[in-house]
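Just so you know, these numbers come straight off a predicted model, no measurement behind them.
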Amino acid sequence: MNIETKNKTKEATQQTIKITGSEAIIRCLIAEGVDILYGYPGGAIMPVYDELYKFRDQIHHVLTRHEQGATHAAQGYARISGRVGVAMATSGPGATNLITGIADAQIDSTPLVCITGQVSSHLLGSDAFQETDIVGISTPVTKWNHQVTKASEIPEVIAKAFYIAKSGRPGPVLIDITKDAQFEEFDFSYKKCTGIRSYNPIPNIDIKLVEAAAELINNAKKPMIVWGQGIILGKAEDELKAVIEKAGIPAAWTILGASALPTSHPLNIGMVGMHGNYAPNKLTNECDVLIAIGMRFDDRVTGNLNTYAKQAKIIHFEIDPAEVDKNVKTDVAVLGDSKESLAALLPLLETKSHTAWLQEFKALYDIEFEKVIKDDLHPTKEGLTMGEVLNQINIETKGNAAIVSDVGQHQMIACRYSNFNITKSNITSGGLGTMGFALPAAIGAKMAAPQREVVAIIGDGGYQMTIQELGTIFQQKVPVKIVVLNNEFLGMVRQWQQLFFDKRYASTEMTNPDFVTIAKGYYIEAKRVKKREELADAVKEMIACKEAYFLEVCVEKEDNVFPMIPSGASVSDIRLS
């Protein structure tokens with residue numbers, strides 16, 4: 001784009017010019033700093049795509065192979081960059097295909113702005129071709145949504161959308177724009193949104209509550225921290241590290257909180273939850289003060305709420321008032337941004353080292369290592385394990401890769417055994433548990449952070465839900481690394497069927513295609529590994545490759561993931577076998 005056109009674009013955000021609604025949409029996105037847009041064109045959004053073509057030097061549009069792929073790619077982009085991801089689709093089925101990704105973003109607090117085309121306003125409610133009430137459909141799974149029927153509304157609505165999506169607890173926003181509004185001309189100018197009346201995204205911190213929290217922590221004999229994604233979203237990694245080091249508190253993480261503190265940190269005691277580590281789960285019911293930071297007490301973390309940490313004083317640092325006392329009753333709740341809250345807490349803490357308490361975690365870790373970890377990472381049986389694949393990836397990437405995992409057994413293994421040295425390195429579908437998430441999310445992550453190694457860990461089931469996005473990888477030349485751990489089962493469901501349904505493997509065994517041939521059909525370098533002696537060289541070759549690479553590893557068909565807390569059981573009932 002020449003200098004004259006660029007200057008015209010800049011001026012359009014500062015002064016009034018007469019343009020169409022569709023051109024206004026593109027200029028608004030440019031004003032918000034959008035550089036990559038994921039989407040799929042269609043009739044009701046075609047005017048916007050026509051304008052996008054004219055501005056293709058300023059916004060790179062990525063044509064995914066399915067609208068769900070567009071939302072997941074935008075999620076991956078947002079999760080690794082901390083910026084707002086943007087997806088676009090047409091009306092009707094194009095819009096409804098976005099819903100799974102939007103719902104995933106809502107429960108995992110991922111900032112998205114989704115733009116959908118809609119039939120002309122005079123056709124609304126007439127069951128016109130490709131008309132759906134996407135505002136009504138998306139209301140339960142968006143932070144905010146709005147339908148635009150007049151071009152003049154576009155600048156204010158888009159500015160508000162970006163502000164809402166990224167402020168406070170982030171989330172997805174959907175804007176539905178009728179086709180006549182896209183064609184209509186109006187006097188355009190753009191001003192970013194900096195606040196909305198009655199919307200207070202970051203609560204003011206009550207210092208008295210911070211002092212009360214500090215007193216409980218200072219008097220604790222067996223304190224324990226559980227942190228979640230709120231640390232990463234709040235950019236509070238340094239503050240978390242300073243707090244746990246000063247107070248000497250063992251700290252565990254939820255799946256979405258992983259990587260906020262390096263895996264190797266001596267006070268990092270591992271993952272809580274259904275397939276988390278033995279010690280932090282078990283000792284949750286023995287600590288005397290439980291400090292939850294930026295996490296929402298999800299049922300996969302708490303197990304049976306009637307037995308969860310009943311002996312402990314509960315401190316909850318949280319930005320969203322709706323999450324406080326929703327599942328677990330707190331003794332002290334500090335509302336506010338995690339970075340600011342922990343910065344206020346730090347000078348009030350006494351310097352301590354809970355040596356005997358930490359030794360209890362070490363003793364339980366040793367038990368888990370002997371009964372589970374050793375066999376996962378260094379198996380003596382003939383078949384390959386998922387754990388040893390992750391271990392080999394750790395060796396080759398030195399813990400610096402971003403790991404994008406799908407949903408299932410491989411997800412739990414990836415979260416448990418990946419080494420994370422860098423924040424924003426664990427990208428997965430947490431709350432919604434969306435199979436098919438990883439492949440498109442890895443595309444978005446790699447495009448947002450091209451300097452980082454991005455490795456997608458996927459099961460053979462979830463892989464086939466969005467396998468068409470190999471076409472996006474090929475067309476966009478995205479050098480993402482794809483590892484499919486193939487056990488020819490829907491592994492997590494099969495594990496439950498084995499343990500709780502007398503091995504009735506109902507509709508979980510997979511008859512799979514030749515994944516390597518499919519990858520090569522998309523001109524992606526591909527290899528299959530069946531033997532242990534082939535694994536190290538294959539992973540090394542994959543990581544060394546400068547382009548996209550597909551690696552299929554045929555693992556044990558009926559391996560299970562342990563530890564495991566049975567559904568509805570207490571965290572104290574965690575099983576090692």
Peer 1: Charged N to carboxylate O below 4.0 Å: is that the case for Asp320 and Lys326?
Peer 2: no
Peer 1: Could you report the tightest heavy-atom contact between Ala251 and Ile244, atom names first, then the distance?
Peer 2: CB-CG2, 4.0 Å
Peer 1: Would you say the side chain of Phe162 lies within less than 4.5 Å of the side chain of Val86, judging by non-hydrogen atoms?
Peer 2: yes
Peer 1: Can we say Glu237 and Lys241 salt-bridge, meaning some charged N sits less than 4.0 Å from an Asp/Glu carboxylate O?
Peer 2: no
Peer 1: I need the minimum non-hydrogen distance between Lys246 and Leu346, along with the two atoms involved.
Peer 2: NZ-O, 3.0 Å
Peer 1: Of all residues at least two apart in sequence or in a different chain, which pass the side chain to side chain contact (heavy atoms under 4.5 Å, CB included) check with Tyr365?
Peer 2: Phe369, Ile373
Peer 1: Side chain to side chain donor-acceptor pair (under 3.5 Å), that's the test. Do His275 and Gln411 meet it? Break it down for me.
Peer 2: CA-CA 10 Å; His275 291 285; Gln411 176 191 35; over 6 Å; no
Peer 1: Answer yes if the side chains of Gln497 and Thr508 hold a donor-acceptor pair under 3.5 Å, and no otherwise.
Peer 2: yes
Peer 1: Distance only, no hydrogens: is a donor on one side chain within 3.5 Å (strictly under) of an acceptor on the other, for Thr254 and Arg296?
Peer 2: no
Peer 1: So Trp227 and Trp253, would you call those rings parallel, tilted or perpendicular, with 30° and 60° as cut-offs?
Peer 2: tilted
Peer 1: Closer than 4.0 angstrom, basic N to acidic O: yes or no for Glu211 and Lys208?
Peer 2: no
Peer 1: Could you report the tightest heavy-atom contact between Pro440 and Gly69, atom names first, then the distance?
Peer 2: CB-O, 3.4 Å
Peer 1: Let's go through Lys339 and Glu239 carefully: what are the C-alpha distance in whole Å and the side-chain angles of both, what is the deciding distance for salt bridge (Lys or Arg N to Asp or Glu O under 4.0 Å) to 0.1 Å, and is it a yes or a no?
Peer 2: CA-CA 6 Å; Lys339 190 177 186 72; Glu239 287 75 13; 3.1 Å; yes
Peer 1: Given Glu368 and Lys282, is the salt bridge (Lys or Arg N to Asp or Glu O under 4.0 Å) satisfied, shown in steps?
Peer 2: CA-CA 11 Å; Glu368 182 184 350; Lys282 197 87 172 170; over 6 Å; no
Peer 1: Taking atom NZ of Lys143 as the centre, report whether more than 12 heavy atoms of other residues, nucleotides or ligands fall under 6.0 Å from it.
Peer 2: yes
Peer 1: Out of curiosity, Ile249 CD1 to His354 NE2, how far, rounded to the nearest 0.5 Å?
Peer 2: 6.0 Å
